[in-house]
A.B. asks: 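There's a structure below that I have some questions on.
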There are 4 protein chains.
Amino acid sequence: MTTVSAGSAPSEETNSKSERTRERILHAAAQVLSKKGYAGMRLGDVAVVAEVQAPAIYYYFESRDDLVEEVVWVGAYRVRTNLESMLAKLPAETTAMQRIMCAVESHLWFGLHISHYATAAIRIVGQVPEQLRTRSLAEEARYQQIWHELLKAAQGSGELRADIDLRTTQMLILGAMNWASEWWDPQQQSLENLVSATQELVRYGMGLRVERPR
Amino acid sequence: MTTVSAGSAPSEETNSKSERTRERILHAAAQVLSKKGYAGMRLGDVAVVAEVQAPAIYYYFESRDDLVEEVVWVGAYRVRTNLESMLAKLPAETTAMQRIMCAVESHLWFGLHISHYATAAIRIVGQVPEQLRTRSLAEEARYQQIWHELLKAAQGSGELRADIDLRTTQMLILGAMNWASEWWDPQQQSLENLVSATQELVRYGMGLRVERPR
Amino acid sequence: MTTVSAGSAPSEETNSKSERTRERILHAAAQVLSKKGYAGMRLGDVAVVAEVQAPAIYYYFESRDDLVEEVVWVGAYRVRTNLESMLAKLPAETTAMQRIMCAVESHLWFGLHISHYATAAIRIVGQVPEQLRTRSLAEEARYQQIWHELLKAAQGSGELRADIDLRTTQMLILGAMNWASEWWDPQQQSLENLVSATQELVRYGMGLRVERPR
Amino acid sequence: MTTVSAGSAPSEETNSKSERTRERILHAAAQVLSKKGYAGMRLGDVAVVAEVQAPAIYYYFESRDDLVEEVVWVGAYRVRTNLESMLAKLPAETTAMQRIMCAVESHLWFGLHISHYATAAIRIVGQVPEQLRTRSLAEEARYQQIWHELLKAAQGSGELRADIDLRTTQMLILGAMNWASEWWDPQQQSLENLVSATQELVRYGMGLRVERPR
DNA sequence: TATGAATGAGCATTCATTCAT
DNA sequence: TATGAATGAATGCTCATTCAT
């Protein structure tokens with residue numbers, strides 16, 4: 001799904017047994033991190049989930065923090081590349097607002113459905129020591145930049161009101177979606193439903209519209 | 001603002017020295033919790049912030065978890081009562097939508113400006129063991145209920161579109177605000193600004209309105 | 001019951017309120033000690049039993065060890081003086097063996113029925129640091145001495161076999177009685193019964209006697 | 001002496017290095033327990049004696065209480081199996097009284113000479129929380145049962161007086177021997193001596209026998 | 001005479017990490 | 001490539017003890 005290009009990119013195609021084990025550990029860490037938080041993740045738990053012994057982790061990662069760093073980075077990396085590839089697939093004539101709607105779908109779909117990495121990365125932001133965030137911060141900046149350009153384009157094309165505070169609004173929207181991992185329950189509501197409700201809110205707000213745009 | 005006097009309510013008026021120490025510890029715990037998360041809160045850190053020795057905490061709280069439980073509960077309790085008292089002050093003729101705007105202001109103002117408790121409670125949701133959440137879950141349910149009634153009233157009065165998914169929208173809005181504690185920086189943006197940007201988003205969304213309602 | 005003569009003797013007649021509290025604490029300590037052992041006795045438990053607050057203990061005793069020391073000493077002291085007063089009451093013509101039987105009764109009766117102090121003193125022998133035992137060791141030596149004289153007298157009068165190892169036998173008998181506190185249950189067996197069974201064992205052993213002496 | 005091989009029996013043959021370490025910790029715990037009592041046993045002391053670091057104990061035992069439980073059980077188990085194997089070695093024609101004498105020897109020899117476990121088990125009876133005693137209580141019941149049968153057989157064969165209270169006498173004898181760990185000093189008296197003095201007391205008591213039975 | 005408040009020392013336990021194999 | 005065994009550095013918690021009142 002994710003289109004991985006460069007050498008050091010986080011592969012999802014597992015090759016050798018060794019690489020598969022490494023991936024299993026990373027997966028397990030993402031899972032545990034998203035449930036227990038940064039300080040709450042114990043290597044023992046990760047080992048259980050990954051079906052290895054705890055010391056085996058050290059064969060693949062220098063330290064616990066290294067493991068966390070990678071999870072967080074992979075999360076951010078995949079969220080960004082996923083969005084990029086989704087946007088790339090859109091036909092040229094897609095309007096700016098439709099692109100934003102696509103980004104909403106990408107964010108929710110990826111964060112809630114595909115990847116523990118994203119959830120983990122999202123949930124432990126703010127608990128992770130600064131020094132572990134260098135790589136992921138860069139990714140997040142790129143991601144924010146993509147969103148920023150989407151919004152600016154929409155404003156340019158007149159699809160977005162000129163008077164809104166772009167940066168704040170962007171953060172509020174991403175926040176609304178990030179927080180969904182705290183309450184959204186696939187048993188109670190389909191992801192499609194959540195996506196369209198979010199798109200509605202983002203586009204029109206809750207208030208009454210006298211005349212439906214478009 | 002909330003002056004709670006009755007029964008077992010969490011007092012903010014500190015009386016005896018003993019009560020003040022207890023409050024200091026509770027404050028400190030909220031602060032540390034919101035920064036480090038549930039598993040990351042060490043009693044030693046709390047003690048340093050509260051300017052006591054760590055074992056003194058046990059004079060006031062049965063256990064670490066008891067302390068966390070109280071912080072989380074106080075957070076939820078104060079958020080709810082703050083909203084109630086804000087709403088109670090509104091004149092009778094206030095429209096349903098205006099009440100919602102007031103609730104937005106209350107939520108952001110209280111969560112970001114007034115109380116580490118609220119931030120703590122928000123940030124560690126999902127990390128705290130279920131058994132510590134009994135009291136706070138009840139509070140949160142009451143809070144959600146108040147919001148739900150606000151939205152329903154607005155829908156009833158025709159100020160809200162009839163076709164939106166109330167529950168999902170409510171969660172998205174609260175999420176957008178909760179997440180603000182992750183990125184909002186008082187140095188860069190005034191709270192007033194954040195509040196009005198949020199109110200705008202909630203009310204009208206980002207999209208162009210052909211004709212401004214009302 | 002105990003005939004206390006000298007000034008510093010452990011009084012059982014409580015006079016002032018202060019003295020009564022002190023006695024209550026001492027009692028409580030004896031009770032807790034006999035149940036939990038030396039290291040297991042917590043001042044908090046003692047305080048609960050004595051119905052005071054823990055720090056109050058320090059008004060009456062220099063330290064925890066001081067309290068223990070006194071309990072142990074009072075136990076030893078009372079066991080000794082009790083035996084002495086029992087023996088003193090016997091008519092002049094009492095035989096040496098009858099005196100021993102009286103001592104057996106005294107030991108059991110006192111250790112099991114009257115006094116937690118004795119039980120405590122007995123049970124924690126060997127756990128208490130040497131330095132706390134100075135006074136009580138002296139008492140115990142006196143007690144052993146009394147027993148030794150009783151046995152020697154009986155050997156002298158021909159009531160005891162000449163070929164038995166007096167010291168070892170004495171220790172075995174006292175041990176048999178001391179250990180009774182571990183298993184004797186007043187609900188299942190009267191003290192009188194235990195006393196006479198012990199007297200029988202001491203006097204005749206378990207073995208068949210061809211001809212009953214005397 | 002006891003060579004236990006079957007099932008979950010506490011092995012004395014140490015095999016792997018790991019098993020030897022575990023045994024060393026168990027030994028150390030028995031030693032410390034018998035000296036300091038249940039509450040007085042610190043894992044630090046055990047670790048020093050076992051020549052490991054304290055946390056290493058947790059590699060072999062779930063908790064401090066688990067360690068205590070095992071010591072107490074091993075003590076009870078070995079005392080019982082030792083007695084059984086001693087009795088099993090006696091020739092068929094051994095009289096019931098001689099069997100009892102053998103049991104006395106076994107108890108003293110094992111409790112005082114061979115095994116800290118036995119001493120520990122004996123000394124901390126009554127301090128150990130009930131829940132740690134399940135396994136050992138079962139062992140002790142079996143041990144008491146063996147003794148009971150020995151005594152009953154002797155009464156049946158006419159070697160024991162018919163009029164003695166079997167249960168009480170049995171407890172007194174075992175108590176006399178258990179207590180020996182409090183006072184017996186191998187420097188001052190040989191174990192052989194203690195054994196024969198005890199056998200004498202058990203068989204004939206202290207009193208004068210007109211005619212030596214048998 | 002007694003207690004509420006607080007502390008320092010110590011203890012059981014956990015956990016990331018190491019290392020020989 | 002992986003694990004069994006072990007450890008050092010915390011960390012929560014207990015408890016004797018102090019002290020102002």
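All chains are named by letter (A, B, ...) in the order of the sequence lines, taking the proteins before the strands, and each is independently numbered beginning at 1.
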A.B. asks: Please tell me which of C/Thr21 and B/Arg24 maps to the more 5' nucleotide of DNA chain E, matching each residue to the nucleotide holding its nearest heavy atom.
C.D. replies: C/Thr21
A.B. asks: May I have the distance from A/Phe61 (atom CZ) to F/dT1 (atom P), rounded to whole angstrom?
C.D. replies: 14 Å
A.B. asks: So does A/Lys17 get a side-chain nitrogen or oxygen closer than 4.0 Å to the phosphate oxygens (OP1/OP2) of F/dA2?
C.D. replies: yes
A.B. asks: Can you tell me how far C1' of E/dT17 sits from CZ of A/Arg42, to the nearest Å?
C.D. replies: 16 Å
A.B. asks: Under a 4.0 Å threshold between the charged nitrogen and the carboxylate oxygen, would C/Arg135 count as salt-bridged to C/Glu69?
C.D. replies: yes
A.B. asks: Once you round it to whole Å, what is the distance between P of F/dA10 and CZ of B/Arg64?
C.D. replies: 17 Å
A.B. asks: Do A/Asp66 and A/Tyr60 pair up side chain to side chain, a donor and an acceptor below 3.5 Å, judged on atom types alone?
C.D. replies: no
A.B. asks: Looking only at side-chain atoms of C/Ala56, point me to the closest of E/dC15, E/dT3, E/dT13.
C.D. replies: E/dT3
A.B. asks: Please determine whether a side-chain nitrogen or oxygen atom of A/Tyr59 lies at a distance below 4.0 Å from atom OP1 or OP2 of F/dA2.
C.D. replies: no
A.B. asks: Is any side-chain nitrogen or oxygen of A/Ser18 closer than 4.0 Å to OP1 or OP2 of F/dT1?
C.D. replies: yes
A.B. asks: Check whether any side-chain nitrogen or oxygen of A/Gln53 sits under 4.0 Å from OP1 or OP2 of F/dA2, and answer yes or no.
C.D. replies: no
A.B. asks: Specify the separation, in whole Å, of atom CD of B/Glu19 and atom C1' of E/dG4.
C.D. replies: 14 Å
A.B. asks: Send over the distance from A/Leu67 CG to E/dT17 P, rounded to a whole Å.
C.D. replies: 10 Å
A.B. asks: Name the one of B/Val52, B/Leu26, B/Leu33, B/Ile57 that satisfies side chain to side chain contact (heavy atoms under 4.5 Å, CB included) with B/Val46?
C.D. replies: B/Ile57
A.B. asks: Scan every strand shown for a Watson-Crick or G-U wobble partner of F/dG4, both distances under 3.5 Å, and answer none if you come up empty.
C.D. replies: E/dC19
A.B. asks: Which sits closer to the 5' end of DNA chain F, C/Ala54 or D/Ile57, going by the nucleotide each is nearest to?
C.D. replies: D/Ile57
A.B. asks: Nearest-nucleotide wise, let me know which of D/Gly44 and C/Pro55 is further upstream toward the 5' end of DNA chain E.
C.D. replies: C/Pro55
A.B. asks: Answer yes or no: is there an ion pair linking C/Glu70 with C/Arg22, defined by an N-O contact shorter than 4.0 Å?
C.D. replies: yes
A.B. asks: May I have the distance from B/Tyr58 (atom OH) to E/dG10 (atom P), rounded to whole angstrom?
C.D. replies: 19 Å
A.B. asks: Select one nucleotide: of E/dT3, F/dC13, F/dA16, the one nearest the side-chain heavy atoms of B/Leu43.
C.D. replies: F/dC13
A.B. asks: Looking at D/Arg64, D/Lys35, D/Lys36, which hits salt bridge (charged side-chain N to carboxylate O under 4.0 Å, His left out) with D/Asp45?
C.D. replies: D/Lys36
A.B. asks: Of all the choices, E/dT3, F/dT7, E/dT7, which nucleotide is nearest to the side chain of B/Val52 once you look at every atom?
C.D. replies: E/dT7
